[in-house]
Amino acid sequence: MHNIKDLRKNLKEYKKKFLERNFNFQIDVFNDLDSNNRKLINEKEKLEQEKKKLSKLKDTSNFEKSKKISEKILEISNLQNKTQIKLNEFLNILPNLALEEVPVGKDEKANKLINQSGIKKEYSFEPKSHIEIGSKGNMIDFDTSIKLSGSRFVVLKDKIALLERALINFMMDIHTNEFDYMEISPPLIVNEDVMFGTGQLPKFEEDQFEIKFENTDQRKFLIPTAEVVLTNLVRKSLINKDHLPLRFVASTPCFRKEAGSYGKDTRGMIRQHQFYKVELVSIVEPIDCKQELDRMLNCAKSVLDKLEIPYQIVLLSSGDMGFSSEKTFDIEVWIPSEKKYREISSCSSCGSFQARRMGAKYKSSNGNDFVGTLNGSGLAVGRLLIALLENNQNKDGSVTIPNVLKKYMNNLDKI
């Protein structure tokens, strides 16, 4: 969310910046809504002042006049409320602005490769996909999941189910013990205000799983990512500056309709309606956002370093970033069967954009101001499982367990 006073002062600059985010900011629509809203507010305030003056006179002959003013105030208030709603609807879908160092471009073609790390293994055989590896012993079972839930779900069994749990515990230990993130076990169902706070609503409503409750007017949603709940831990708060930064980590299931991905990645576990993710969230002073983003990126990629899985870091372009982001790095992991890198983490700084939507502030010597928020996958569990299976596969169809993971796998050497 943007400061409306800043919008009014810098309309042409915002127009340019929004175009870089593939969003057409209609200045005339904004001006009409904003000026009409302010005009109605002024009219209402003048009438309220007039009514106040009449009441001070304590003259009964002014009763009828005062009554008519009250009726007019009510009429203007109703009209102003409707105009305010339309203005809010317009403002609520404006994306965050990209920072100056973000490459300008319409899509992923303008993304900038930062570096590549790790050694891609040479195989004496044609590498199998995770689907083929998991078919041994039926440990990755799509047939049963289709009977249970439909497409884009999976049933993991036996040692691969254990591997999923091991990866979660491995990552949670790294982020809590090595990087001092506070572990959180959050609700998986949140209300509409919480989804609005981090920017999932109203623009991306079609991608959310909504839950129907009886006897309540408040809408509820399954979380698409733990970012939603972890960031909103500070909603409507005033935090002492000395308590910053706050760093949270959670491992949760995530639920997404994948509404915009029809026909994409229909085979395997790459794109699911339900998946596990270890999520990192930081709450900082806005001035520290860039430094914290670099720190968060290092925390996320350390998992791949320890597992010795090849990856690359990409700085996303202005047109490829998420709605709430001002700067995003993607970590893409090497998938041997596809002979390409796949996103496994997005680490984003949102500046004060989400904080304005949540009403999250901190107390400093200069007064109260909005906090800065950051989020990143540390990492997506399903895609990490795929990468580990494929990068560590052997000719006989077995998968070697990395040494750092063995204690989480009951000291198994192979699956």
Side-chain angles (χ1 to χ4, degrees), residues 1-42 44-45 80-102 104 192-204 227 231-232 234-239 241 244 282-290 292-293 318 321-328 348-375:
M1 182 175 286
H2 299 281
N3 186 326
I4 194 168
K5 292 180 181 178
D6 290 339
L7 278 171
R8 290 173 188 147
K9 291 177 185 175
N10 305 287
L11 284 173
K12 289 184 179 179
E13 182 63 21
Y14 270 92
K15 173 81 172 178
K16 175 178 173 288
K17 285 289 190 179
F18 284 133
L19 283 174
E20 292 174 0
R21 298 299 318 272
N22 294 334
F23 185 88
N24 182 22
F25 177 54
Q26 297 173 295
I27 292 177
D28 54 342
V29 174
F30 169 73
N31 281 336
D32 287 346
L33 287 169
D34 187 39
S35 60
N36 192 26
N37 191 51
R38 286 197 281 175
K39 179 184 173 186
L40 290 169
I41 290 171
N42 288 334
K44 184 176 71 170
E45 288 176 349
Q80 190 267 320
N81 285 337
K82 291 177 182 177
T83 305
Q84 185 70 59
I85 289 170
K86 289 180 180 178
L87 178 60
N88 288 344
E89 288 174 348
F90 181 90
L91 295 173
N92 290 343
I93 61 169
L94 300 179
N96 201 355
L97 303 185
L99 296 179
E100 290 300 323
E101 63 265 33
V102 171
V104 175
E192 187 175 8
D193 292 339
V194 168
M195 293 285 279
F196 173 82
T198 42
Q200 275 69 32
L201 294 180
K203 192 166 185 180
F204 303 101
E227 170 206 341
T231 309
N232 274 278
V234 297
R235 70 178 285 103
K236 298 188 183 303
S237 296
L238 181 59
I239 305 162
K241 179 183 175 180
L244 298 177
S282 296
I283 311 296
V284 301
E285 287 189 76
I287 196 172
D288 294 330
C289 279
K290 289 184 183 180
E292 186 69 16
L293 180 58
S318 57
M321 295 193 307
F323 174 78
S324 297
S325 176
E326 63 179 10
K327 183 179 181 180
T328 297
S348 301
S349 170
C350 300
S352 295
F353 184 82
Q354 292 177 325
R356 288 183 182 278
R357 297 170 78 96
M358 297 186 301
K361 293 186 175 184
Y362 73 104
K363 188 188 300 183
S364 70
S365 55
N366 297 323
N368 302 334
D369 204 356
F370 292 102
V371 298
T373 65
L374 301 97
N375 63 82

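A quick note: this is a predicted structure, and the numbers were derived from the prediction, not measured. Note that the numbering runs from 1 along the sequence shown for the chain.
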CD of E326 to OG of S349, rounded to nearest 0.5 Å, is 3.5 Å

Ignoring hydrogens and geometry, is there a side-chain-to-backbone donor-acceptor pair from S237 to R235 under 3.5 Å?
yes

Measuring from atom CG of L293 to atom OG of S325, what distance do you get when rounded to the nearest 0.5 angstrom?
8.0 Å

What are the two closest non-hydrogen atoms of F18 and P95, and how far apart are they?
CE2-O, 3.1 Å

Residue from D288, T231, V284 passing side-chain contact (heavy atoms from CB on, under 4.5 Å) with L374:
V284

Could you work out, with side chain to side chain contact (heavy atoms under 4.5 Å, CB included) as the rule, every residue matching D32, not counting sequence neighbours?
none

Residue pair F204 / G199: nearest heavy atoms and the distance that separates them:
CD1-O, 3.5 Å

Distance in Å, I41 CD1 paired with Q80 CD, rounded so as to fall on 0.5 Å steps:
4.5 Å

In plain terms, say whether K17 and E100 are close enough for a salt bridge, that is, a side-chain N and a carboxylate O under 4.0 Å apart.
yes

Do any N or O atoms from the side chain of R21 and from the backbone of M321 form a donor-acceptor pair under 3.5 angstrom?
yes

Contact between I4 and L87 at the side-chain level, heavy atoms closer than 4.5 Å - yes or no?
yes

N92 side chain to N88 backbone, donor-acceptor under 3.5 Å:
yes

Regarding N37 and Q84, is there a side-chain donor-to-acceptor distance under 3.5 Å anywhere?
yes

Rounded to the nearest 0.5 Å, what's the gap from NE2 on H2 to CG on L97? Could you check?
4.5 Å

Should the ring pair F323 and F353 be called parallel, tilted or perpendicular, given that the plane angle runs from 0 to 90° and is split at 30 and 60?
perpendicular

Exercise: identify the closest heavy-atom pair between V102 and S318:
CG1-N, 3.6 Å

Heavy-atom pair with the smallest gap, counting every atom of C289 and G372
SG-CA, 3.9 Å

Write out all pairs satisfying salt bridge (Lys or Arg N to Asp or Glu O under 4.0 Å) with one or both partners inside residues 348-372, taking only residues at least two apart or from two chains.
none

Stepwise, does the side chain to side chain contact (heavy atoms under 4.5 Å, CB included) test hold for I283 with Y362?
CA-CA 10 Å; I283 311 296; Y362 73 104; over 6 Å; no

Roughly how far, to the nearest 0.5 Å, is the CG atom of D28 from the CG atom of L11?
10.5 Å

May I have the step-by-step check of side chain to side chain contact (heavy atoms under 4.5 Å, CB included) for R8 and F30, ending in yes or no?
CA-CA 9 Å; R8 290 173 188 147; F30 169 73; 4.1 Å; yes

How many angstroms lie between CG in N368 and CG in L238, if you round to the nearest 0.5 Å?
4.5 Å

Considering only heavy atoms from C-beta outward, does the side chain of I93 approach that of F23 to under 4.5 Å?
yes

Side-chain heavy-atom pair M1, L91 within 4.5 angstrom cut-off
no

Residue pair L7 / F25, side-chain heavy-atom distance below 4.5 Å
yes

Sidechain-backbone polar pair: K236 side chain, G359 backbone, donor-acceptor under 3.5 Å
no

Give a yes-or-no answer on whether the side chains of T198 and Q354 include a donor-acceptor pair shorter than 3.5 Å.
no

Side-chain contact test, heavy atoms from C-beta onward, threshold under 4.5 Å: evaluate it for D34 versus R38 and give yes or no.
yes

Quick one: closest heavy-atom pair of N96 and C350, and the distance?
ND2-O, 3.1 Å

Heavy-atom closest pair, residues T83 and L33
CG2-O, 3.8 Å

Flag, side chain of N375 to backbone of E227, donor-acceptor distance under 3.5 Å:
no

Donor-acceptor pair, distance only, cut-off 3.5 Å: does the side chain of S352 make one with the backbone of V371?
yes

